[in-house]
Amino acid sequence: MEATDNMEGENMEVVAEGRLNAPLPSRPPQSSNATSPVVPPSRQTIDHFYRKRFVFVTGASGFIGKVLLEKLLRCCPEIAGIFILMRPKKGRTPFQRVEDLCASPIFKGLREVQPAFNEKLIAMQGDVNEEDFGLHSDNLRRLLEETSVVFHVAATIRFDEPLKYAIEMNVISVQRLVGLCRRMTRLKALVHVSTAYANCDRNHIEEMVYQPSLEPQKLIDIIGLLPDKAVEAMTPHLLKTFPNTYCFTKGLAEYCLLKEAGDLPLAIVRPSIVGAAWKEPIPGWIDNSQGPSLLFIANGKGLLRSMTGHRERVMDVIPVDFTANLLIAVGWRTARIYDGGKGSLTVYNGTSGGVNPLKWGELESNMVHSFAKNPLDLAFRRPKMIFTEHPLMRNYWSTVSHLLPAYIFDMALRLVGKKPRLVRMFGKIHKAVACIEYFTTHEWDFPASNVGSMMHEMSSGDREVFYLDAREVHWPSYIENYCLGMKKFLLKEDLDNLPRARRHQRRLNIVRYAFNTVLLAVIWRFVIANSRLAGGTVHRTLYCLTILLL
């Protein structure tokens with residue numbers, strides 16, 4: 001997965017306004033001339049808490065970050081502003097990148113009700129890998145003097161990231177953030193985004209911080225002295241039972257926060273597998289090709305038809321809008337329960353498996369059904385998916401479903417003078433899929449009592465606006481919207497072309513039936529017809545079936 005971005009420069013630029021036919025509901029701003037009554041912290045609604053406060057967000061250009069920004073601006077309309085840490089990238093300045101961000105489809109509904117919403121997005125050029133995040137002195141001073149709530153979303157989420165860089169992005173950046181937060185004069189809440197799999201070496205993961213096998217600071221000091229190749233050679237021994245550097249470093253970061261920021265108004269949010277939006281800002285919205293989206297794309301294109309996995313294991317997926325709602329609500333609750341200086345570190349498991357489990361086998365059937373109904377453009381083969389744990393069956397399906405068709409297709413390309421590409425493509429897919437097979441073969445228990453307690457503390461209005469109850473999700477409908485959203489927003493395929501895609505899929509089905517018929521005829525001719533049992537009843541029946549198929 002790609003590292004999320006954060007950062008910014010000194011000024012802000014306005015993005016052109018747009019209109020949308022069906023704007024999302026938002027809480028209307030109160031009149032600026034009205035005098036707001038003083039509300040005790042224990043009775044404040046969430047939108048009232050964020051009123052006239054500045055928020056600092058790292059990783060705002062990432063998948064979760066975008067949805068968080070949209071929700072804050074739409075449902076907390078009187079928020080004073082949002083500082084966005086943004087770095088230059090691909091020739092675009094931080095200010096231009098904020099313009100690009102505001103042009104995302106998820107902000108169209110917000111622009112309908114708040115045409116000047118972008119004026120509240122304040123870009124600050126910087127980098128989490130630099131001291132004080134590389135902020136200009138004027139920006140740094142403003143950030144420290146005006147920020148009330150911090151959402152640390154930035155991280156590298158690539159499973160195969162080199163350990164040295166993963167520690168820099170996911171652990172050392174957290175230490176730098178703590179240093180900044182200690183100097184913030186108005187800080188009410190620091191909310192850190194971790195992952196439910198930060199302690200995946202355990203089967204039962206409570207809402208608490210676990211002590212890692214290695215002291216984070218000692219590991220940081222040692223790795224800082226070693227060359228990259230030496231660290232790479234040591235990585236398997238350091239990870240031990242952890243499947244990747246992402247989960248490992250996220251666990252280290254949690255422990256660093258406990259030890260170095262336990263006296264601050266601090267909370268840790270642990271989402272599980274973050275998937276496409278359930279309802280807001282657009283059902284099925286997705287712009288991230290990592291994690292489950294990789295499975296959806298490869299399966300929808302007919303490139304991935306089998307992988308290692310247990311059909312009865314729970315796939316703990318949480319829609320991205322639930323994660324954004326949880327972050328916003330946790331910021332509100334952290335400020336409420338903080339008892340100055342005594343610490344209030346609370347962990348929130350943002351998962352769905354405990355209340356509304358979705359199994360990998362259910363994903364398999366619903367995904368194939370969704371792509372049969374709404375196929376992707378120019379699929380290589382018809383969608384099909386098989387999860388298996390048995391090594392022999394895994395190798396069989398990999399050979400029959402992936403390698404054999406790839407070699408046949410590449411051979412055909414060579415015959416017409418074109419460069420072969422499918423075998424190489426399957427190699428990349430298998431490598432990417434191997435990174436997530438740990439999660440398709442294991443299952444965890446994530447108690448979420450802190451999330452439940454917070455829901456009880458929220459007003460009925462807040463529970464409706466900042467919905468957190470995963471029991472409301474109907475998984476078959478969600479998966480269908482996920483597939484459509486991926487087709488529209490991630491692959492940029494025009495939904496008006498669905499009839500053409502369905503015709504293409506019907507042609508693939510005809511090819512499949514024709515191939516199976518020829519294969520059956522060949523088996524009959526060279527295997528069954530020459531056997532001693534060819535005259536038996538079973539083989540006569542097979543012969544008749546072959547004649548009928550031909």
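Side-chain atoms of Asn366 come within 3.5 Å of backbone N or O of Glu362 as a donor-acceptor pair. A donor-acceptor pair under 3.5 Å links the side-chain atoms of Arg463 to the main chain of Met455, judged by distance alone. A distance-only check finds a donor-acceptor pair linking the side chain of Asn244 to the backbone of Cys247 [under 3.5 Å]. Proximity of a side-chain donor or acceptor of Thr58 to a complementary backbone N or O of Ala154 within less than 3.5 Å is detected. Lys250 places no side-chain N or O within donor-acceptor distance of the main-chain N or O of Ile157, the cut-off being under 3.5 Å. The backbone N or O of Val473 lies less than 3.5 Å from a partner atom in the side chain of Asn356, making a donor-acceptor pair. Not a single donor-acceptor pair under 3.5 Å links the side chain of Asn374 to the backbone N or O of Leu484. In this structure, the side chain of Thr195 engages the main chain of Tyr197 through a donor-acceptor pair within 3.5 Å. Side chain of Arg111 to backbone of Cys102: a donor-acceptor contact under 3.5 angstrom is found. Listed for the Lys66 side chain is no donor-acceptor partner under 3.5 Å among the backbone atoms of Asp287.
Rounded to the nearest 0.5 Å, atoms CD1 (Ile429) and CZ (Phe426) are 5.5 Å apart. The line from OG1 of Thr249 to CE of Met169 is 10.0 Å long, rounded to the nearest 0.5 Å. Within the model, atoms CG of Asn395 and CG of Leu403 stand 9.5 Å from one another, a figure rounded to the nearest 0.5 Å. Between Ile282 atom CD1 and Ile106 atom CD1 the span is 7.5 Å, to the nearest 0.5 Å. For the atom pair Thr308 OG1 and Met393 CE, the distance stands at 12.0 Å (nearest 0.5 Å). Atom CG in Leu415 sits 9.0 Å away from atom CG in Leu413 (nearest 0.5 Å).
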Quiz item: When you look at Glu161 and Thr245, which way does the side-chain hydrogen bond (donor to acceptor under 3.5 Å, both in side chains) test go after all the steps?
Solution: CA-CA 6 Å; Glu161 198 75 79; Thr245 57; over 6 Å; no
Quiz item: Yes or no on side chain to side chain contact (heavy atoms under 4.5 Å, CB included) for Thr351 and Trp444, after CA distance, side-chain angles and deciding distance?
Solution: CA-CA 11 Å; Thr351 59; Trp444 294 266; over 6 Å; no
Exercise. Could you walk me through whether Arg97 and Arg87 pass the side chain to side chain contact (heavy atoms under 4.5 Å, CB included) test, one step at a time?
Key: CA-CA 9 Å; Arg97 292 189 63 202; Arg87 64 182 174 184; 3.9 Å; yes
Exercise. Tell me, with the steps shown, if Ser449 and Glu207 meet side-chain hydrogen bond (donor to acceptor under 3.5 Å, both in side chains).
Key: CA-CA 8 Å; Ser449 58; Glu207 290 175 306; 3.3 Å; yes
Exercise. Decide yes or no on side chain to side chain contact (heavy atoms under 4.5 Å, CB included) for Ile297 and Leu304, but give the supporting numbers first.
Key: CA-CA 9 Å; Ile297 294 172; Leu304 179 66; over 6 Å; no
Quiz prompt | side chain to side chain contact (heavy atoms under 4.5 Å, CB included) evaluation trace for Asp160 with Tyr246 | solution = CA-CA 8 Å; Asp160 57 352; Tyr246 170 67; over 6 Å; no
Practice problem: Check the pair Trp285 / Phe63 against ring-ring contact (aromatic ring centres under 6.0 Å, His included), numbers first and verdict last. | Solution: CA-CA 10 Å; Trp285 183 80; Phe63 180 44; 5.6 Å; yes
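Leu163 places none of its side-chain heavy atoms less than 4.5 Å from the side chain of Glu232. Looking at His310 and Thr440, their side chains never come closer than 4.5 Å, going by heavy atoms from C-beta outward. Looking at Met385 and Leu363, their side chains never come closer than 4.5 Å, going by heavy atoms from C-beta outward. The shortest side-chain heavy-atom distance between Pro281 and Lys108 does not fall under the 4.5 Å cut-off. Contact of the Trp475 side chain with the Ser352 side chain is registered, since non-hydrogen atoms from C-beta on lie closer than 4.5 Å. Looking only at side-chain heavy atoms (C-beta outward), Met367 and Phe296 come within less than 4.5 Å of each other. When side chains are defined from C-beta on, Ile64 does not count as touching Asn288, because their heavy atoms never get closer than 4.5 Å. Put simply, the side chain of Phe439 does not reach to within 4.5 Å of the side chain of Ser272, judged on heavy atoms.
In terms of heavy-atom proximity, Ser293 sits nearest to Met486 at O-SD, 3.9 Å. Annotation for Ala253 and Asn170: closest pair CB-O, 3.1 Å, computed over non-hydrogen atoms. For the pair Leu498 and Lys487, the tightest heavy-atom approach, listed with the atom from each and the gap, is CD2-CE, 3.7 Å. Among all heavy-atom pairs drawn from Ala277 and Pro319, the shortest one is C-CB, 4.4 Å. The two residues Phe151 and Leu72 make their nearest non-hydrogen contact at CE1-CD1, 4.1 Å. Contact between Ile268 and Glu254 at its shortest, heavy atoms only, is CG2-OE2, 3.8 Å.
A salt bridge does not link Arg500 with Asp377: every distance from a Lys NZ or Arg NE/NH1/NH2 to an Asp or Glu carboxylate oxygen is 4.0 Å or more. Between Asp100 and Arg92, at least one side-chain N (NZ, or NE/NH1/NH2) sits under 4.0 Å from a carboxylate O, which counts as a salt bridge. A salt bridge does not link Arg313 with Glu443: none of the charged nitrogens is closer than 4.0 Å to a carboxylate oxygen. Taking a cutoff of 4.0 Å between a charged side-chain nitrogen and a carboxylate oxygen, Lys301 and Glu493 qualify as a salt bridge.
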Extract all donor-acceptor atom pairs below 3.5 Å that involve side chains of residues 321-328 and protein atoms in other chains or at least two apart in sequence.
| from | atom 1 | to | atom 2 | distance (Å) |
| --- | --- | --- | --- | --- |
| Asp321 | OD1 | Trp278 | N | 2.9 |
| Asp321 | OD2 | Trp278 | N | 3.3 |
| Asp321 | OD2 | Lys279 | N | 2.9 |
| Asp321 | OD2 | Glu280 | N | 3.2 |
| Asp321 | OD2 | Tyr467 | OH | 2.6 |
| Asn325 | OD1 | Lys71 | NZ | 3.3 |
| Asn325 | ND2 | Asp321 | O | 3.2 |
| Asn325 | ND2 | Tyr467 | O | 3.0 |

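Taking the six-membered ring where the residue is Trp, Tyr482 and Tyr478 present perpendicular rings, their angle passing 60° and hence far from 30°.
Contacts of Lys164 classified as side chain to side chain donor-acceptor pair (under 3.5 Å), with partners at least two apart in sequence or in another chain: Asp228.
Around the CZ atom of Arg424, the shell of radius 6.0 Å holds no more than 12 heavy atoms that belong to other residues, nucleotides or ligands.
Between Tyr438 and Phe159, the ring centre distance reaches or exceeds 6.0 Å.
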